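Reviewing the structure listed below.
Predicted model, so just to flag it, every value in this text is computed and none were measured.
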Amino acid sequence: MADEEYLALLRQGADIWNKWRSNNIREGDCTILDLSKANLSWADLRWANLIGVDLSGANLAGADLRWANLSGANLSGANLSKTNLSRFDLSGANLSGANLSGAKLEGADLRWANLSGAILDKASLINTNLTDANLNHAVLFETNLSYSNFYRANLTFAVLSEVSLFQTNLSESNLSYANLRNIDISGANINFEEEEEYPHRYPYGDLAMPNLKNAKLIRVDLYNANIKFANLSNLDLAYACLADADLSYSNFSGSNLSGANLIKTRALGVDFTGAKLTGACLDDWHINSTTKLDDIHCQYVYLKDNERERRPSSGEFAPGEFTKLFQKALETIDLIFADGIDWKAFLLSLQELKAEYGEDNLSVQAIEKKSGGAFVIRLEVSSEVDKAAIESNAKLLYEQKLRVLEENYRNQLQDKDREIIDIYRQHNTRFDNIINNLALAQAKPNHIEIHNYNKAESTSMSESYQSKYDQRNANNQFVDTAQSGSNVTFNQQNYTPEQKQNLAEAAAEIQQLLYQLAQTNPTSTEGFTEAIHQEIKRNPTLKARLQGALKAGGLEALKAIFNHPLFSIPAETVKGWLEAE
């Protein structure tokens, strides 16, 4: 507790205090000056000699401390909020747990100071010297650290989210476990003398670059940080959180990113050459054809958070396998239909996409049927096209076509629309019909893999591993996926344009006829069958289309058209009708 005699002397002003102190207190005995927990808020302490004074827990909020000497003072737990300490000599001072929020510390000397647990949020530390200072667990939220020197400072577990690091020196500092969320260290450079050799120069000039040479960043939290154009090569970033961070065009070559969180990290054009990625989580990370993945050291990765979806599921990547797999993934886009798919709507949207981006730039590579009726359609695209634009357009087009088709269904079915629409949707999402529907949509011969995941999914990396890591989520409609295993492979036939047209037109005409018959002949399968038979006999155009479908796809084509949920007509029966005189 503050000595009332000392406190009364100090309140009389710096002249009286300094004179009394010089006459009565030897410099080696200054620790006896107990002003702990004193209330000195808004006090005039200009020019006061406070060297080595115990001010722990004191209230100095708003006090005028200009030209005061606080060297070696004990300010632990003191309230110094909004205090002006600019250009102060606070070297070696004990400020642990002190409240310095909003304080001005521009040009202050805080070398060897103990600031562990101190609150420095929204403070100004421009050009402050914090060499060898201890800021363990300190809070520097929204603090301006421009031009400051943190050489060899201890910043473990410190909170530096949204701080300004304009030309800040953090070389050899320890930032392990620190929280640097939302900070902007774009253009950061760990080695200024190598700048001439560094290919990505920060567009706003070298002065914006904080120096992180030899900094320790183990388990550092860089969530949502801006780290574009930075040179962070050869750093230890093990278990760092880089989720949602933008690393675009930065250099992370040789850096240790083992166990790092790279969920939704934007890594376009990043140089990861020689980096370590073992155990990293790559859920929905965004890379492109300019991202360098050469000589990656990686035994395994996770494709989902909380160490889920390990790849490979067992064992380790063979040398070069990681690079090969993820570079291949750059040429695909995965579209997920979590609630099932209307194939007619998808095929119509696919045709428009092909027309816009060109037949050679876009094709269906694989289809995966998941449990619960979900589908994943993997598109193979040219590396030159804008994948984000294709994904966005695919979603938009599908939703547009779906709305139009559903409106048409309602108009056709009138009072029975909901019941029949549900039946039609079930039929249209039958996995059996994918083959025929895709035959109508593909413009050229293609090898399409169709994966059915109703059985237990394989976990072998070598069986089938295809994924996309270049695009963002789109309202959970079309998102990234990474799955393995397959049990069905379909080689599409090489249909001529005339055969494709016959297949498409026959299928469309039969579908239309079925819904008309559903209203007028709802009582029996026999009634449907006979009505369709008569329509084929009566309508030579329809008959010719079905004959073309039979010629192009055989009985399988007829099965796909006539295997309807309202009834089922054997393909052999239809074939007999078509061959009859």
Side-chain angles (χ1 to χ4, degrees), residues 340-348 351 401-402 404-441 490 492-493 495-581:
I341 184 172
D342 186 304
W343 288 102
K344 189 171 183 180
F346 172 73
L347 295 172
L348 290 170
Q351 288 170 348
K401 303 302 180 187
L402 189 60
V404 172
L405 288 174
E406 288 188 342
E407 184 62 30
N408 290 340
Y409 301 155
R410 292 189 183 92
N411 292 338
Q412 291 170 4
L413 300 175
Q414 298 177 358
D415 294 338
K416 292 196 245 181
D417 60 350
R418 179 46 52 201
E419 177 184 356
I420 305 300
I421 285 174
D422 290 342
I423 295 174
Y424 173 80
R425 179 62 53 76
Q426 294 170 14
H427 171 67
N428 217 25
T429 59
R430 284 174 61 97
F431 199 61
D432 302 348
N433 294 327
I434 298 175
I435 294 174
N436 186 59
N437 284 328
L438 275 177
L440 312 180
F490 166 65
Q492 182 182 312
Q493 298 189 38
Y495 297 118
T496 66
E498 182 180 356
Q499 288 171 333
K500 293 175 193 170
Q501 182 176 354
N502 283 335
L503 280 166
E505 292 177 348
E509 194 158 346
I510 287 294
Q511 295 289 329
Q512 180 69 24
L513 175 61
L514 295 178
Y515 294 115
Q516 293 173 355
L517 294 175
Q519 293 178 315
T520 57
N521 299 279
T523 57
S524 67
T525 299
E526 292 77 9
F528 280 122
T529 303
E530 183 56 30
I532 292 171
H533 184 198
Q534 294 302 318
E535 181 65 21
I536 291 172
K537 290 174 63 176
R538 183 191 66 79
N539 189 336
T541 301
L542 175 60
K543 182 175 181 178
R545 287 172 179 163
L546 289 171
Q547 287 172 332
L550 176 64
K551 182 178 179 181
L555 289 176
E556 291 301 318
L558 296 181
K559 286 180 182 179
I561 294 174
F562 288 94
N563 185 15
H564 195 273
L566 297 176
F567 66 93
S568 180
I569 301 177
E572 293 79 2
T573 300
V574 180
K575 180 181 179 184
W577 295 343
L578 298 176
E579 293 174 347
E581 293 292 330

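- Remark: Leu542 CG to Leu578 CG distance equals 8.5 Å, nearest 0.5 Å.
- A distance of 9.0 Å separates CD of Gln547 from CD of Glu579, quoted to the nearest 0.5 Å.
- Among Leu550, Ile532, Ile569, the single residue meeting the side-chain contact (heavy atoms from CB on, under 4.5 Å) criterion with Val574 is Ile569.
- Atom-to-atom distance recorded for Ile536:CD1 and Lys543:NZ is 9.0 Å, nearest 0.5 angstrom.
- The line from CG of Leu558 to CD of Glu572 is 9.0 Å long, rounded to the nearest 0.5 Å.
- Minimum interatomic distance between Ala345 and Leu405 (heavy atoms only, all atoms of both residues): N-CD1, 3.5 Å.
- A pairwise comparison of heavy atoms in Ala571 and Leu555 identifies CB-O, 3.7 Å as the closest pair.
- Taken to the nearest 0.5 Å, the CH2 atom of Trp577 stands 11.5 Å off from the CD atom of Glu535.
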